[in-house]
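To keep things clear, I will list the structure first and then write my remarks on it.
Here the structure is a predicted model, which is why all the values come from computation and not from measurement. Reckoned from all heavy atoms, side chains included, excluding hydrogens, waters and symmetry mates.
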Amino acid sequence: MKLTEMLGQTAEEVERISRNLRPSVLDQLGLVSVLRDTSKEFARRTGVSVKLACVRLAARLPAATELTLYRILQEALNNVEKHARARHVTVCLEQQDDFVQLAVEDDGIGFDLDHPLAKRQGQGGLGLLSMRERVTYVGGALKIKSVRRAGTDIEVRIPLSPIAPAAD
């Protein structure tokens, strides 16, 4: 491989990593557009159908909340791709009174939350632990429901009233 090709690939990889840290499109287009694009790209790449149901948000969400919801969707879709063997995923974003809710449901093989492997990191592996920590950071709650051969439901609820993030 020529040096210029390697440099080009390296530059593209750095750009991809940078974009994933805080995607500028999140700032430019907003959460709903980013969730839509992420879902479409996932469906195209994996062949898993994704139904996206988003209600129009009353106002722009705080940046930390938008980023948390985006990352939760990324991780949920990553788990579907790696583990679920699902054919369909439903993503629903809605605002109700004083909170915003993201639900991601799949029709995959599910898993046993009581199994020792699921419990080893407190309700799941590193992906689920990461979700839980992200949601806690913005004062929200995460519910995971999974049944063998019946899929997995992930529900995130984040209050819209200002809550100071946990101190590091």
Exercise. With side chains defined as the heavy atoms from C-beta onward, is the minimum distance between Arg60 and Glu66 less than 4.5 Å?
Worked result: yes
Shared hydrophobic cluster, [X] / [Y] (ILVMFWY, side-chain heavy atoms < 4.5 Å):
X: Leu67; Y: Val25; value: yes
X: Val89; Y: Ile109; value: no
X: Leu29; Y: Tyr70; value: yes
X: Val91; Y: Phe99; value: no

Please check: side-chain N/O of [X] versus main-chain N/O of [Y], any donor-acceptor pairing under 3.5 Å?
X: Glu155; Y: Val104; answer: no
X: Thr68; Y: Ala64; answer: yes
X: Asp106; Y: Ala86; answer: no
X: Asp98; Y: Pro159; answer: no

Exercise. If every non-hydrogen atom of Leu61 is compared with every non-hydrogen atom of Val100, which pair is closest and at what distance?
Worked result: CD1-CG2, 4.1 Å
Problem set entry | Option among Asn79, Ile144, Val156 that satisfies the side-chain contact (heavy atoms from CB on, under 4.5 Å) test with Met131 | Asn79
Exercise. Under 4.0 Å between a Lys/Arg side-chain N and an Asp/Glu carboxylate O for Arg44 and Glu41?
Worked result: yes
Exercise. Any ion pair linking Arg45 and Glu81 (charged N to carboxylate O, less than 4.0 Å)?
Worked result: yes
Exercise. Any side-chain donor paired with an acceptor under 3.5 Å for Glu133 and Tyr137?
Worked result: no
